[in-house]
Amino acid sequence: MNGAAPILVLQHDFPLTPARIELDRKFCLRLPHIEADGHFCHGVEFDPADLASPVQAVGRVLSRLSDFLNRCGDPGWVEAEFNRERQDYWIRYAAGATAPKSYRTAKLLLDADVKIDEPQEAAALSLLDGRAFATTSTTEPERLARARAWPLGGIVRGGALVMKLPTPEHWTPSAWPRSFQDLDELLSQLSSSAGKLRNWYEARRWPNKAPVFAVLLQGPAVYGWRILPPPIARQAEPALVPVDVRRVDRQWSLSRDYRTEGLARLADKKVVVFGTGSLGAPLIELLARAGVGAIEVVDPQTFEPENISRHVLGAPHIGLGKAASLCAQLRQAIPGAELDASGENAMQWCAKADQRQLPDLIVDCTGERSVRIGTSLLRKHVLKNAPLMMAWMEPFGSAAHAVLISGNDVWPAWDPAETAVNVASWPDDVQVNLPGCGQGFHPYGVADAWAAACMVSERALKVLNGEQVTSGVWSMIRHESYFRSKSPSVTFNRPPPVHVGVDLVIEHRPLAEVLQSA
């Protein structure tokens with residue numbers, strides 16, 4: 001290799017951090033695995049044996065360097081390595097690009113429909129933090145940016161041309177377009193349309209300093225350029241500045257393009273959740289992050305300071321409606337999340353069910369007997385036999401339950417929750433009473449609530465995916481000693497797990513079996 005000799009560096013915590021090899025910076029993007037600061041990314045990891053044999057630890061790194069130098073003599077290997085990690089090399093290339101100060105864009109956030117093979121046009125705008133945002137959505141980009149709490153700069157609308165690059169095409173430094181003409185020729189070839197980029201760019205009267213981009217999607221990889229106008233219009237070629245493009249579309253954010261068929265199925269599903277307490281709120285977040293297309297949140301309560309310890313909302317939401325606050329928070333956090341809030345209680349919502357699109361699943365997380373009985377009575381005629389899941393927790397998080405009522409099955413009006421589903425009968429002194437009319441709470445922690453929400457969300461997703469269609473009861477139950485440690489006078493409706501080494505079990509019972517045992 002022509003350049004300064006490699007330098008071996010042992011850092012202060014060697015051998016916990018393997019030896020570092022530093023090369024001349026000029027080799028970055030000329031040879032693979034050389035970072036912008038010149039260090040060789042050798043991939044050698046710490047081995048506990050290195051503590052006793054630090055010399056051998058250095059030897060492994062030097063051996064990897066020797067192998068690397070030998071391989072670099074093979075142009076085919078160099079190209080293949082660049083292509084294998086093409087996204088990372090593009091990001092390094094973009095990070096080293098220079099542009100006039102007034103046109104600098106560190107990153108482009110792209111919200112595009114990656115399922116479409118035809119060229120797409122996106123609306124783009126600059127953000128106050130130096131990034132830009134482009135979307136193919138019909139929703140105004142300013143509105144989307146505000147919904148995601150991205151700071152808007154002066155609102156100057158630009159655009160982006162988004163196209164797909166076939167996956168077999170190699171994308172390496174030797175293939176990267178370096179000029180507007182090079183990129184135009186590539187996009188023209190991909191679209192079978194001469195002057196594809198040029199005609200698109202010149203057909204519009206872009207405002208001064210408008211953010212204008214060209215983007216290529218190649219499977220999960222994405223590459224982009226900011227297009228800068230020539231100093232004198234039509235007297236020179238526009239300039240290209242490579243940029244780091246980060247996908248923020250729903251498909252990438254929620255699946256990283258993995259198992260997209262399942263995500264697409266969930267996108268067509270609607271769930272209604274009654275109750276946004278410490279169980280309902282994390283359940284709603286889990287369903288939204290799993291990709292459920294539409295979630296209606298029903299809760300008339302406001303968020304209070306005492307809710308903070310075990311709720312996903314916090315101090316900024318004190319005194320505000322739980323349902324509206326939670327929906328707003330998740331819409332901001334999760335791209336493409338569709339959540340609607342209702343300040344009604346469960347029975348008020350059911351009274352207007354004939355005016356609504358019935359969901360694919362109703363989940364009752366209120367833990368209230370009146371809601372369980374009410375929804376069960378209304379399910380056949382008013383709710384058109386929509387699948388109903390009822391979820392609640394026992395004190396101290398000792399057990400959590402999810403009951404699915406589907407098909408023509410019925411949950412009895414005498415509500416066998418406490419006698420046939422609950423593991424234990426708890427004494428009255430377990431409830432912590434507050435100085436208000438009928439006010440109090442059962443003690444448990446936020447970790448207990450999230451564990452229960454995870455169990456319930458797993459069951460709900462199986463229903464939505466068609467994997468669970470028959471009525472049943474799922475119970476997550478702690479060890480017997482846990483129950484007794486919380487209340488020595490607790491009595492059991494059925495035996496909890498007692499096996500040594502078992503902290504908890506998840507038990508499934510058909511609904512008919514549960515009702516027969518009541």
Side-chain angles (χ1 to χ4, degrees), residues 1-9 18-47 57-98 114 117 162-192 196-197 214-225 240-247 252 256-258:
M1 296 175 66
N2 295 323
I7 299 174
L8 176 70
V9 178
R20 179 183 172 106
I21 299 291
E22 294 183 356
L23 303 170
D24 196 318
R25 296 182 183 184
K26 71 180 182 181
F27 292 114
C28 180
L29 298 180
R30 288 171 54 183
L31 294 175
H33 311 303
I34 308 296
E35 301 295 328
D37 61 0
H39 90 263
F40 168 47
C41 186
H42 49 62
V44 174
E45 297 182 354
F46 166 72
D47 188 308
V58 172
R60 288 191 293 122
V61 171
L62 294 177
S63 176
R64 187 68 58 88
L65 174 63
S66 176
D67 181 65
F68 167 73
L69 296 177
N70 289 333
R71 288 176 177 271
C72 285
D74 179 0
W77 179 84
V78 169
E79 286 291 289
E81 288 299 287
F82 272 127
N83 190 66
R84 186 169 62 87
E85 300 178 7
R86 54 194 179 275
Q87 183 72 81
D88 285 348
Y89 292 114
W90 180 262
I91 292 173
R92 292 176 210 168
Y93 176 51
T98 59
V114 297
D117 291 325
V162 183
M163 295 182 60
K164 284 196 172 181
L165 179 70
T167 302
E169 293 286 334
H170 270 218
W171 190 256
T172 64
S174 63
W176 294 340
R178 308 284 177 165
S179 68
F180 185 86
Q181 170 138 1
D182 289 344
L183 184 57
D184 182 41
E185 289 176 358
L186 175 60
L187 300 192
S188 297
Q189 178 183 352
L190 294 175
S191 63
S192 301
K196 181 65 182 179
L197 177 63
V215 177
L216 280 177
L217 300 170
Q218 187 184 37
V222 56
Y223 328 109
W225 301 260
L240 286 185
V241 179
V243 294
D244 177 3
V245 185
R246 301 297 172 94
R247 279 175 54 187
W252 179 257
R256 304 190 197 189
D257 289 346
Y258 178 66

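Side chains are part of it too, since the values below use all heavy atoms of this structure and drop only hydrogens, waters and symmetry mates.
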* For Gly59, does its backbone N or O pair with a side-chain atom of Ser63 as donor and acceptor, under 3.5 Å? -> no
* Asked: Quick one: are Glu85 and Pro32 in side-chain contact, heavy atoms under 4.5 Å?
  -> no
* Contact summary for Ile21 and Pro6, nearest pair of heavy atoms -> CG2-CB, 4.2 Å
* To do: Enter the distance from Arg84:CZ to Tyr89:OH here, rounded to the nearest 0.5 Å.
  => 7.5 Å
* Would a distance-only check, ignoring hydrogens and angles, find a side-chain to backbone donor-acceptor pair under 3.5 Å from Trp90 to Val243? -> yes
* Would you name the heavy atoms of Ala214 and Leu197 that are closest together and state the gap between them? => CB-CD1, 4.2 Å
* **Over 12 non-hydrogen atoms of neighbours within 6.0 angstrom of OH in Tyr258** => no
* Which atom pair, heavy atoms only, marks the closest approach of Leu216 to Leu190? -> CD2-CD1, 3.8 Å
* Does Arg92 come within less than 4.0 Å of Asp244, counting only side-chain N to carboxylate O? -> no
* Check the pair Asp257, Arg247 against salt bridge (Lys or Arg N to Asp or Glu O under 4.0 Å), reporting the backbone distance first and the verdict last. => CA-CA 11 Å; Asp257 289 346; Arg247 279 175 54 187; 2.9 Å; yes
* Asked: Between the side chains of Ser174 and Glu79, does any donor sit under 3.5 Å from an acceptor?
  -> yes
* Straight-line distance of Leu8 CG to Phe40 CZ, nearest 0.5 Å -> 12.5 Å
* side-chain contact (heavy atoms from CB on, under 4.5 Å) between Leu65 and His42: does it pass, once the steps are laid out? -> CA-CA 7 Å; Leu65 174 63; His42 49 62; over 6 Å; no
* Return yes if some donor-acceptor pair links the side-chain N/O of Glu35 with the main-chain N/O of Cys28 below 3.5 Å, else return no. => no
* Asked: With respect to Gln218, which candidate in Glu169, Gln87, Lys164 satisfies the side-chain contact (heavy atoms from CB on, under 4.5 Å) definition?
  -> Glu169
* Asked: In a check of ring-ring contact (aromatic ring centres under 6.0 Å, His included) between Trp176 and each of Tyr93, Tyr223, Phe82, Trp225, which one passes?
  -> Tyr93
* Asked: Does the side chain of Glu81 come under 3.5 Å of the side chain of His33 through a donor N or O and an acceptor N or O?
  -> yes
* Asked: Of the non-hydrogen atoms in Pro173 and Arg178, which two are nearest, and what is the gap between them?
  -> O-NH2, 2.7 Å
* **Rounded distance (nearest 0.5 Å) linking atom OG of Ser66 with atom CZ of Arg71** => 11.0 Å
* To do: Kindly compute the distance separating OG (Ser188) from CD (Gln181), expressed to the nearest 0.5 Å.
  => 9.5 Å
* Asked: Which heavy-atom pair separates Arg60 from Asp47 by the least distance, and what is that distance?
  -> NH2-CB, 3.8 Å
* **Flag, side chain of Arg86 to backbone of Asn83, donor-acceptor distance under 3.5 Å** => yes
* Please round to the nearest 0.5 Å and tell me the distance separating atom CG of Leu23 and atom CD1 of Ile34. => 4.5 Å
* **Test item: Arg20 side-chain N/O and Val9 main-chain N/O as donor-acceptor pair under 3.5 Å** => no
* To do: Can you measure from CG (Leu186) to CG (Leu165) and round to the nearest 0.5 angstrom?
  => 6.5 Å
